[in-house]
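Residue numbers start from 1 in every chain, and the chains themselves are labelled A, B, ... in the order their sequence lines are given, proteins ahead of strands.
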Protein chains: 2
Amino acid sequence: MTTSNDVARRAGVSQATVSRVLHDNARVGAEARARVLAAMAELNYVPNAQARAMRLQRTGTIGVVSGKIKTPFFPQLIDAIGSNIADRNLRMVLWNSEENRGEPAALETIRSGLLDGLIFTSARPHSATLHQVAELGIPFVLVNRTVDELECDKVTSDNEAGGRQVAQYFIANGRHQVAIVGSSSDLSTVRARRKGFVDEFTRQGIPLRPEWQTQGDEPYTHDLALEAAVPILAAEDHPDAVFCLGDPNGFGVLDAARRTHRVVPTDVWVVGYDDTEMCSWESFDLSSVRQPVDDMARVAVELLVRRIAEPDAPFIDHRFASNLIVRGSTGNVPLKSTQ
Amino acid sequence: MTTSNDVARRAGVSQATVSRVLHDNARVGAEARARVLAAMAELNYVPNAQARAMRLQRTGTIGVVSGKIKTPFFPQLIDAIGSNIADRNLRMVLWNSEENRGEPAALETIRSGLLDGLIFTSARPHSATLHQVAELGIPFVLVNRTVDELECDKVTSDNEAGGRQVAQYFIANGRHQVAIVGSSSDLSTVRARRKGFVDEFTRQGIPLRPEWQTQGDEPYTHDLALEAAVPILAAEDHPDAVFCLGDPNGFGVLDAARRTHRVVPTDVWVVGYDDTEMCSWESFDLSSVRQPVDDMARVAVELLVRRIAEPDAPFIDHRFASNLIVRGSTGNVPLKSTQ
DNA sequence: CTGAAAGCGCTAACAA
DNA sequence: TTGTTAGCGCTTTCAG
């Protein structure tokens, strides 16, 4: 590895001058600068980021804790976050939060001075690690899933409004016998989606059948949704619409409909959540609520960068709108404009 | 941030002793050790990895350049690589290689001293950056996609054998009118899959129709496969089997069959590649060639770690077997044992 | 067994 | 404009 000292020696200047040339804010004589530049090129010099970070107390690296990466949703978010980070000439260290190993690893890493800040995409309520991060005054942002009691920057989409919109859509089109398929965990996203949906039915005085609302801690899997939906759809007395708290659940319900010979959308409507790419495939053609993932990622990175620069800035809770994308699984029936 | 100096002061020992306690290989007096340990606990001390890295010339961080992360395949690989890295108490910096921005960024980062080694999952032939990495003597491993002319550690599955196996399966079951849907790019994976398949037909003297072999540089997308397959399947004279060079292509062809009213598997067999999770969903039930992704990731990390420790070890080219998983899209017809 | 001191490569204050 | 110098926090000789 060639160092700034090697460059200095070669250019016949002091090492400090090399450093100055590197950050051309400082004034360096034209001739000296030329010699340094030449020496750098000849030696193929790359400054050592480690040493710079040690001096500046700034690493240029951001830690990201992803939700289960083997889902259709999180790669979308990671991709967008990664692009925004790269655009700013920063780097991204990634943890997959499966088994909750990610959070503690991220905390340890930032405490060891390797990171400037942290982005959590899959915060769980009552996470001890998250509370620790907050207490230690570490710059961080919650995106996608949040934790109510934590005071910090948050970027979400309005999951409650999303659930409500689906409920209004079902009701407005006479689909009152509805099921909810998905996790009953207290993750902020699924909880809000469920709440928005349920509250709207309650508000309009339409009863929901408890036996048509699935339970379970595991979010977002196709197979669990399939198993849960088959008995519900197979029964003589079955729902005429199903709200799924994530797209994989939606795909599972579509498979359940196929297996029980219920025709979508004639017999039963199905709506998913996240509008991942597969929704538009003809096999599925699944109506789904879209979150503005790219915008969420952009703002999350923006907020974190700001937080790193200004640790005492007021916290921002940025909530984007979300929108139901209508497809064949709800008969392509358009949304009423009043909704 | 509390430093080893703070701990030393508090414990009434020298800073060097704190450092020794940290790496308990060194002999430290029992009493001194106890005092240091106590001080560390009280001060909630975490050693600065930056400074350590600077001394040791080892960062404990590995860079990974992923292929397009918004596909079903790469997240699987990234997940597995990430787990193996985490198991070794290392960290992973990730780049998404879309637009080929990833490789140069990874190179720059390792040259700046922030990484110990690099894993490339989506090498392209003739990549200037990759050649540079090799010339600079940087420890790196190619996994999944490789580049023939590069001398380095490589971990792949036998894509050519995979293609051959599919060909033999089609032929043995009388499906001789076959199409190939997928990219015609020179990426090592799709090239080998195509070659293995084509060579086997040639070997057995069965002609292939050129107009049933799709072209295109973009690999692995559902929509391109759909558009390409529709005219092929719609024709009176259509293939009785389709080999798809990636699962998304397979799903696209299944959708094309649906659209053209061809019944799978009666009218046409379909086989994909990678056996991603969705293949087993009832909507698809797609036969597909499985790569041992977890094993590939494990070995890739092993090789890289070894390479970092022993820069001059002989290069290893580790090629795993791959296996066709039979499902409904080929009528669940079992493989002959002789194949 | 323990402390003093050098140095990893860099930035920035201070002098000249 | 340029050089000298003092660290950033750690590991590791070298003395004692």
Side-chain angles (χ1 to χ4, degrees), chain A residues 1-40 43-61 89 108-116 308, chain B residues 1-40 43-61 89 91 108-116:
Chain A
M1 286 292 83
T2 113
T3 75
S4 59
N5 248 307
D6 302 333
V7 175
R9 203 160 22 242
R10 175 108 178 189
V13 300
S14 79
Q15 183 272 330
T17 297
V18 175
S19 182
R20 289 192 184 98
V21 171
L22 234 34
H23 318 283
D24 43 20
N25 46 343
R27 298 140 304 244
V28 178
E31 200 220 352
R33 151 168 286 120
R35 288 224 308 280
V36 168
L37 255 16
M40 282 179 177
L43 298 174
N44 206 350
Y45 168 69
V46 177
N48 184 303
Q50 207 88 249
R52 172 180 293 174
M54 196 150 143
R55 264 309 312 235
L56 299 186
Q57 309 286 32
R58 180 127 318 163
T59 66
T61 306
N89 266 308
E108 199 193 308
T109 302
I110 196 169
R111 292 205 65 203
S112 74
L114 255 18
L115 305 172
D116 294 334
I308 291 167
Chain B
M1 286 290 86
T2 112
T3 75
S4 58
N5 247 306
D6 302 332
V7 175
R9 202 159 25 242
R10 175 109 177 189
V13 299
S14 79
Q15 184 271 332
T17 297
V18 174
S19 182
R20 290 192 184 99
V21 171
L22 234 35
H23 318 284
D24 43 19
N25 47 342
R27 299 140 307 246
V28 178
E31 201 219 353
R33 154 168 283 121
R35 288 223 306 281
V36 168
L37 256 15
M40 282 178 174
L43 297 174
N44 207 350
Y45 169 70
V46 177
N48 184 304
Q50 205 89 248
R52 171 180 294 173
M54 195 150 145
R55 266 306 314 236
L56 300 186
Q57 308 286 34
R58 179 127 318 163
T59 65
T61 306
N89 266 308
R91 283 166 294 275
E108 198 193 309
T109 302
I110 197 170
R111 292 205 65 202
S112 75
L114 255 18
L115 305 173
D116 294 333

Original post:
Going by the side chain to side chain donor-acceptor pair (under 3.5 Å) test, which pairs reach into residues 50-60 of chain B, not counting sequence neighbours?
Top reply: B:Thr59-B:Asp116
Original post:
side-chain hydrogen bond (donor to acceptor under 3.5 Å, both in side chains) with A:Asn89: which residues, sequence neighbours excluded?
Top reply: none
Original post:
According to a strict under-4.0 Å criterion, is A:Tyr45 in side-chain N/O contact with OP1 or OP2 of C:dC10?
Top reply: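 Checking C:dC10 against A:Tyr45, a side-chain N or O does come within under 4.0 Å of OP1 or OP2.
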Original post:
With a non-hydrogen cut-off below 4.0 angstrom, is A:Ser4 in contact with a base, only sugar-phosphate, or nothing?
Top reply: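 Answer is sugar-phosphate: A:Ser4 comes under 4.0 Å of backbone atoms only.
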Please give, in whole Å, the distance from [N] [atom2] to [X] [atom1]?
X	N	atom1	atom2	answer
B:Arg9	C:dG3	CZ	P	14 Å
A:Met1	C:dG7	CE	C1'	18 Å
B:Gln57	D:dT12	CD	C1'	14 Å

Original post:
Using rotation axes that map the C1' atoms of four end pairs onto the next four (five pairs an end), what angle separates the end axes of the helix from C:dC1-D:dG16 to C:dA16-D:dT1, to 10°?
Top reply: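 Both end axes considered, the difference amounts to 50°.
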Subject >> Contact residues, residues 46-56 of chain A to DNA chain C [heavy atom, < 4.0 Å] >> reply: A:Pro47, A:Asn48, A:Ala51, A:Arg52, A:Arg55, A:Leu56
Grab the N/O contacts between the protein and nucleotides 3-5 of chain D below 3.5 Å, and write none if there aren't any.
from, atom 1, to, atom 2, distance (Å)
D:dG3, OP2, A:Ser14, N, 2.9
D:dG3, OP2, A:Ser14, OG, 3.0
D:dG3, OP2, A:Thr17, OG1, 2.7
D:dG3, N7, A:Arg20, NH1, 3.3
D:dG3, N7, A:Arg20, NH2, 3.3
D:dG3, O6, A:Arg20, NH2, 2.3

Original post:
Excluding sequence neighbours, so at least two apart, what forms side chain to side chain contact (heavy atoms under 4.5 Å, CB included) with A:Asn5?
Top reply: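 A:Asn5: side chain to side chain contact (heavy atoms under 4.5 Å, CB included) contacts with A:Thr3, A:Gln15.
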Original post:
So A:Leu22 and A:Met40, side chain to side chain contact (heavy atoms under 4.5 Å, CB included) or not? Walk me through it.
Top reply: CA-CA 10 Å; A:Leu22 234 34; A:Met40 282 179 177; 3.2 Å; yes
